[in-house]
Colleague: 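Encoded as structure tokens, here's the structure I'll be asking about.
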Number of protein chains: 2
Amino acid sequence: MRLSNTSQYAINIMVAIAEHKETKLLNAKSISDTFDIPYKYLTRIMPQLVEAKFIISTRGREGGYSLAKEASSISIINILNAVNDSLHASKCILKPGMCDANNKCALHDSWMVPNKSIKIMFNQTTLESITNL
Amino acid sequence: MRLSNTSQYAINIMVAIAEHKETKLLNAKSISDTFDIPYKYLTRIMPQLVEAKFIISTRGREGGYSLAKEASSISIINILNAVNDSLHASKCILKPGMCDANNKCALHDSWMVPNKSIKIMFNQTTLESITNL
DNA sequence: ATTAAATACTACTTTAATGTAGAATTAAAA
DNA sequence: TTTTAATTCTACATTAAAGTAGTATTTAAT
Ligand code: SF4
Ligand code: SF4
């Protein structure tokens, strides 16, 4: 019952970039050090966040990353979808794939309570709300 | 954001045994067929549930499994702990291991809301409450 | 121009979960 | 007593996530 390492990394990365307020760009090495994310693994996640239009990358010396949009416009679910190919979001915990009301598993009714809470949190929590500005 | 296959299997297995009311014991083959759990994989999970004292196994011809205690006395969290070595239960979603109030991750406060809901559900939901009697 | 410091790309390796196979054990039925 | 149908044990194979390595590309500083 946990997020994948990649998802955890992605959230931390986005928080780091959102909180970075110096003139120098924040680079991969710094993020890697701050959160103990394997550098080489991190540099494979970064292009996905660039591709998702959350951050802008500047290549070459003095390069690094900066936010591409308002922190308030990026929610946790957006970040998870960007690195997960949005597949886990739709999958439920007990059966693979979607289940309809006629074919639900034993835990369905019980699960819908925390499930709703999780969805609300992932959808309503933005990068702005979890950063220290 | 999902339970492991093994955890899902274990819950379904326990439900099947709890709901089984015939005189003949429920055997591994039947459970495997009902839930599409790979037979050989299932037969490695079963001894763990026996070990946890949730079910009693009867070996040999006409053998199978039956509940070892009241369905109302087995909660979901008990089942998860039995197959997970109780490790995932204590791990949180963003950082490995426990975190204290002084060293919490960005999502901590947001996560505590659904987290509480999940814990309550896993703790309070018993086998009895999710079986059709 | 050259160098240095950064991101991006591609391929490979490792690890843990999941799945598979076969043989041993048990006990009722034939 | 033999056969059959069940659980249990141990070892191996597959898969997907995670991690590692090397090289190419880019661009500012020197
Ligand atoms: S039946 Fe409901 S709880 Fe169970 S897997 Fe499907 S959607 Fe999830
Ligand atoms: S700080 Fe809180 S939310 Fe984050 S990993 Fe630790 S316990 Fe979980």
Side-chain angles (χ1 to χ4, degrees), chain A residues 1-13 16-17 20 22-33 35-52 54-66 68 80 83-85 87-88 91 93 95-96, chain B residues 1-10 12-13 16-17 20 22-33 35-52 54-66 68 80 83-85 87-88 91 93-96:
Chain A
M1 202 59 204
R2 52 186 283 277
L3 294 179
S4 65
N5 284 5
T6 305
S7 293
Q8 298 171 35
Y9 293 160
I11 294 170
N12 283 331
I13 291 165
I17 296 172
H20 186 74
E22 299 170 32
T23 48
K24 265 189 71 177
L25 288 171
L26 185 62
N27 62 38
K29 181 68 168 46
S30 302
I31 301 172
S32 165
D33 289 344
F35 296 107
D36 284 314
I37 302 172
Y39 176 76
K40 281 297 200 174
Y41 195 66
L42 178 130
T43 60
R44 287 196 315 167
I45 297 173
M46 301 312 297
Q48 302 178 57
L49 299 172
V50 172
E51 171 71 17
F54 296 154
I55 59 178
I56 293 168
S57 80
T58 304
R59 298 178 65 163
R61 190 166 178 162
E62 303 288 294
Y65 304 94
S66 60
L80 299 181
V83 294
N84 283 340
D85 298 335
L87 48 82
H88 285 310
K91 279 196 176 177
I93 60 166
K95 282 186 187 171
Chain B
M1 203 56 203
R2 51 187 283 277
L3 294 179
S4 66
N5 285 3
T6 305
S7 294
Q8 298 172 35
Y9 292 161
N12 282 331
I13 291 164
I17 296 171
H20 185 74
E22 300 171 30
T23 48
K24 266 190 70 177
L25 288 172
L26 186 62
N27 63 38
K29 181 68 168 46
S30 303
I31 302 173
S32 165
D33 289 344
F35 296 109
D36 283 315
I37 302 171
Y39 175 76
K40 281 297 201 175
Y41 194 65
L42 178 132
T43 62
R44 288 196 316 170
I45 297 173
M46 301 312 298
Q48 301 179 59
L49 299 173
V50 172
E51 171 71 17
F54 296 155
I55 58 179
I56 293 167
S57 79
T58 304
R59 298 178 64 162
R61 190 164 176 161
E62 303 287 294
Y65 303 94
S66 59
L80 299 181
V83 294
N84 283 340
D85 299 332
L87 47 82
H88 285 309
K91 279 196 176 178
I93 61 166
L94 280 191
K95 282 186 189 172

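Every value quoted in this text rests on a predicted model; they were computed, and no experiment measured them. Letters A, B, ... mirror the listed sequences (proteins, then strands); counts begin at 1. Note that these values count all heavy atoms, side chains included, but never hydrogens, waters or copies made by symmetry.
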Colleague: Which atoms form the tightest heavy-atom contact between A:Leu3 and A:Gln8, and what is the distance?
Modeller: O-NE2, 2.8 Å
Colleague: What residues, two or more places apart in sequence or in another chain, satisfy ring pair (Phe, Tyr, Trp, His ring centres under 6.0 Å) together with B:Tyr41?
Modeller: B:Tyr9
Colleague: Once you apply a heavy-atom cut-off of 4.0 Å, does B:Tyr65 come out as touching a base, just sugar-phosphate, or nothing?
Modeller: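 If one applies the 4.0 Å heavy-atom cut-off, B:Tyr65 turns out to touch the sugar-phosphate alone, with no base involved.
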Colleague: Looking at residues at least two apart in the chain, or sitting in another chain, which of them share a salt bridge (Lys or Arg N to Asp or Glu O under 4.0 Å) with B:Asp33?
Modeller: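 Only B:Lys29 meet the salt bridge (Lys or Arg N to Asp or Glu O under 4.0 Å) criterion with B:Asp33.
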Colleague: B:Ile31 and B:Met46: which non-hydrogen atoms are nearest, and at how many Å?
Modeller: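 Scanning both residues, the minimum pair turns out to be CD1-CE, 4.4 Å.
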Colleague: Can you see if the side chain of B:Ser57 gets near the phosphate of D:dA6 - specifically, an N or O under 4.0 Å from OP1 or OP2?
Modeller: no
Colleague: Using side-chain contact (heavy atoms from CB on, under 4.5 Å) as the criterion, list what pairs up with B:Ala16, not counting sequence neighbours.
Modeller: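 B:Ala16: side-chain contact (heavy atoms from CB on, under 4.5 Å) contacts with B:Leu26, B:Phe35.
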Colleague: Between B:Thr6 and C:dT18, is there a contact of a side-chain N or O with OP1 or OP2 at under 4.0 Å?
Modeller: yes
Colleague: Applying side-chain hydrogen bond (donor to acceptor under 3.5 Å, both in side chains), can you list everything that pairs with B:Ser30, at least two apart in sequence or on another chain?
Modeller: B:Asn27
Colleague: Rounded to whole angstrom units, what separation is found between the CG atom of B:Asn84 and the P atom of C:dA16?
Modeller: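 Going from B:Asn84 (CG) to C:dA16 (P), I get 15 Å.
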Colleague: Looking at every non-hydrogen atom in both residues, tell me the closest pair between B:Leu80 and B:Ser7 and how far apart they are.
Modeller: CD2-CB, 3.6 Å
Colleague: Identify each atom pair where a protein N or O and an N or O of nucleotides 9-13 of chain D are less than 3.5 Å apart, giving names and distance.
Modeller:
residue	atom	partner	partner atom	Å
D:dA11	N6	B:Arg44	NH1	3.3

Colleague: How close or far is atom C1' of C:dA6 from atom CE of A:Met46, stated in whole angstroms?
Modeller: 12 Å
Colleague: Any side-chain N or O of A:Tyr39 below 4.0 angstrom from OP1/OP2 of C:dA6?
Modeller: no
Colleague: Does any part of the side chain of A:Asn5, heavy atoms only, come nearer than 4.5 Å to the side chain of A:Ile37, both counted from C-beta?
Modeller: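 Result no, sub-4.5 Å side-chain heavy-atom pair not found.
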Colleague: Quick one: is C:dT7 close enough that its OP1 or OP2 comes under 4.0 Å of any side-chain N or O from A:Thr58?
Modeller: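 For C:dT7, OP1/OP2 do not have a side-chain N/O of A:Thr58 under 4.0 Å.
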Colleague: Could you list the protein-to-nucleotides 2-5 of chain D atom pairs, N/O on both sides, closer than 3.5 Å?
Modeller:
residue	atom	partner	partner atom	Å
D:dT4	O4'	B:Arg61	NH1	3.4
D:dA5	N3	B:Arg61	N	3.4

Colleague: Of all heavy-atom pairs between A:Ala28 and A:Tyr39, which one has the smallest distance, and what is that distance?
Modeller: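 Minimum heavy-atom contact is CB-CE1, 3.8 Å.
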Colleague: Only pairs under 3.5 Å count here: list side-chain donor-acceptor contacts from residues 54-62 of chain A, not counting sequence neighbours, and write none if there are none.
Modeller:
none

Colleague: Can you see which heavy atom on B:Leu42 is nearest to which on B:Ser32, and at what distance?
Modeller: CD1-N, 4.0 Å
Colleague: Under 4.0 Å from OP1 or OP2 of D:dT14: is there any side-chain N or O of B:Tyr41 that close?
Modeller: no
Colleague: Whole Å only: how far is the CG atom of A:Leu49 from the C1' atom of C:dA8?
Modeller: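 That distance rounds to 14 Å.
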Colleague: Between the two ends of the helix from C:dA1-D:dT30 to C:dA30-D:dT1, what is the bend in degrees, rounded to 10 degrees, where each end axis spans five pairs?
Modeller: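 Nearest ten degrees gives 20° for this helix.
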